[in-house]
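Just so you know, ligand 1 is whichever comes first in the structure, and atom 1 is the first atom listed for that ligand. In what follows, every heavy atom counts, from backbone to side chain, and hydrogens, waters and symmetry copies are set aside.
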Amino acid sequence: MKDPQIGAVQRELSVVVPVFNEEAGLDALLARTIPVCEAEFGANFEIVLVDDGSTDRSWAIIAGHADASPNIVGVKLSRNYGHQLALTAGLKLARGDYVFVLDADLQDPPELLPQMLAKAREGYDVVYGQRIARAGETVFKRATANLFYRLLSAVVDVSIPRDTGDFRLMTHRVVAHFNAMPERFRFVRGMVGWLGFKQIAVEYERDPRFAGETHYPVRKMLRFAIDAITSFSTIPLRFASLLGMGFGVAGLLALVWVGVSWLSGGVVLGWTSLAALILILGSMQLMMLGIFGEYLGRMYMEAKQRPLYLVDEVYKQPDMAAGASAETEGLQRALSS
Ligand code: UDP
Ligand code: MG
């Protein structure tokens, strides 16, 4: 059935899965995830599958599962908004005491749930998966990912642990705080790092994709990296002053050099060095304009205050014990904790 008022009942666990064209892997995903959840929580869990505007049969499959099982919730976004926004939509709708984020392609093993839960029960608010191996990923992907995490930790003050994705278990209160962050350019793992609280890593081996192929081609990876850096740091904006000072000093030295050679009777030949200088300075200035533009464009997009995403439909079975009290209780818990 259709029900936009999702989440009236509090569950012990919500599993949130963004899905984009994953028709080949969805059944396997559920076949592996459901037993793990049942072993921990019996029937008291939900799996929120967020269809991010898939063009294949993903939504039909999700709706079928949601019809058949009270534990499956299908959410269909109005179009493709990208991985991070699909995840955001799922987190907003999740009503579990614990929230477990998974990729639909089974690259993150759901079987890690008990181990992560154990940590959460010890008192950690965020238990994130840290990759120790990335089977089935190209050398190029691994090298660029490595470079990216190094660059990120160099420019960003927030601690964003290396080699972590969005595979993590979070407590209800962390998710509530995350949901209160309104920004549009979302780099979820960085935002969770920014939140703080007690966080800990659980190491795991990242499996190859179960089916289909990655939705992160180089172009999207680059966008993702620029989003990450611009949302967490304004250091690139300071390049302008540093470069300006650098070139100022270099100019003074050049002047001294020209003066000395003139006094000692020599003449410094001009054309090549002048051309080189003009090109270097011009390119530096354009580059800085580009960096300013990145920030300005983001401010413009944020200033419009459009909704981050639109939900088309929510498929779930009617809640037996649904009621306004459960809803407000959930809200109060979010506020008080
Ligand atoms: N995804 C999504 N919207 C997109 C692209 C990806 O919801 O526009 C989902 C995808 O179905 C998967 C997760 O985000 O569950 C991670 O995507 P993918 O596996 O392609 O990324 P990779 O693991 O290669 O970094
Ligand atoms: Mg993947």
Side-chain angles (χ1 to χ4, degrees), residues 14-33 47-62 65 72-94 99-110 112 128-131 133-149 152 160 162-168 184-190 192 204-225 227-228 308-312:
S14 298
V15 182
V16 173
V17 188
V19 176
F20 179 57
N21 291 346
E22 304 276 6
E23 59 180 4
L26 277 175
D27 289 331
L29 170 79
L30 291 176
R32 266 177 66 183
T33 310
I47 300 181
V48 183
L49 298 165
V50 184
D51 176 30
D52 186 20
S54 297
T55 50
D56 64 359
R57 290 184 48 256
S58 295
W59 177 243
I61 298 171
I62 292 172
H65 281 287
I72 309 291
V73 176
V75 180
K76 185 179 197 289
L77 301 186
S78 65
R79 61 170 171 85
N80 177 251
Y81 287 89
H83 176 196
Q84 303 289 295
L85 285 176
L87 181 54
T88 300
L91 289 176
K92 193 100 191 181
L93 295 172
V99 178
F100 187 40
V101 177
L102 275 182
D103 271 4
D105 56 11
L106 284 170
Q107 281 196 285
D108 310 319
L112 228 61
Y128 53 85
Q130 193 157 34
R131 304 154 184 161
R134 286 168 159 243
E137 289 190 343
T138 57
V139 176
F140 175 74
K141 177 131 191 172
R142 261 179 289 167
T144 47
N146 207 332
L147 186 73
F148 167 64
Y149 283 108
L152 197 62
I160 299 173
R162 180 170 300 175
D163 285 335
T164 62
D166 292 313
F167 180 42
R168 52 169 53 79
R184 165 168 317 272
F185 293 90
R186 296 177 92 81
F187 177 57
V188 174
R189 61 202 73 163
V192 174
Y204 75 109
E205 292 190 13
R206 193 158 210 239
D207 295 326
R209 238 178 185 281
F210 175 78
E213 47 187 62
T214 175
H215 303 297
Y216 274 103
V218 178
R219 178 178 52 84
K220 272 203 204 167
M221 271 163 57
L222 202 63
R223 266 258 77 87
F224 188 65
D227 274 352
L308 300 184
Y309 54 82
L310 294 176
V311 175
D312 181 356

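When heavy-atom distances to ligand 1 are checked against a 4.0 Å cut-off, Val19 comes that close only through its backbone atoms N, CA, C and O.
Between Tyr204 and Phe167, the ring planes are perpendicular. Angles over 60° get that label, and only those under 30° would be called parallel. Note on ring orientation: taking the six-membered ring where Trp is involved, the planes of Phe224 and Phe148 are tilted (angle from 30° to 60°).
Take the Mg ion (ligand 2) as the corner point: the lines to OE1 of Gln107 and to OD2 of Asp105 open at 100°, to the nearest 10 degrees.
The CD1 atom of Ile62 sits 11.5 Å away from the CD1 atom of Ile47 when rounded to the nearest 0.5 Å. Taking CZ of Phe20 as the reference point, atom CG of Asp103 lies at 14.0 Å (rounded to 0.5 Å).
Of all atoms in ligand 1, numbered sequentially from 1 with element shown, those under 4.0 Å from a heavy atom of Asn80 are 3 (N), 4 (C), 8 (O). Close contacts between ligand 1 and Pro18 involve ligand atoms 7 (O), 9 (C), 10 (C), 11 (O), 12 (C), 15 (O) [criterion: under 4.0 Å to a heavy atom]. Remark: ligand 1 atoms within the under-4.0 Å shell around heavy atoms of Glu22 are 10 (C), 11 (O), 12 (C), 15 (O).
The shortest N or O to N or O distance between Ala86 and ligand 1 is not below 3.5 Å.
Remark: the backbone N or O of Thr55 is paired with a side-chain donor or acceptor of Asn21 at under 3.5 angstrom.
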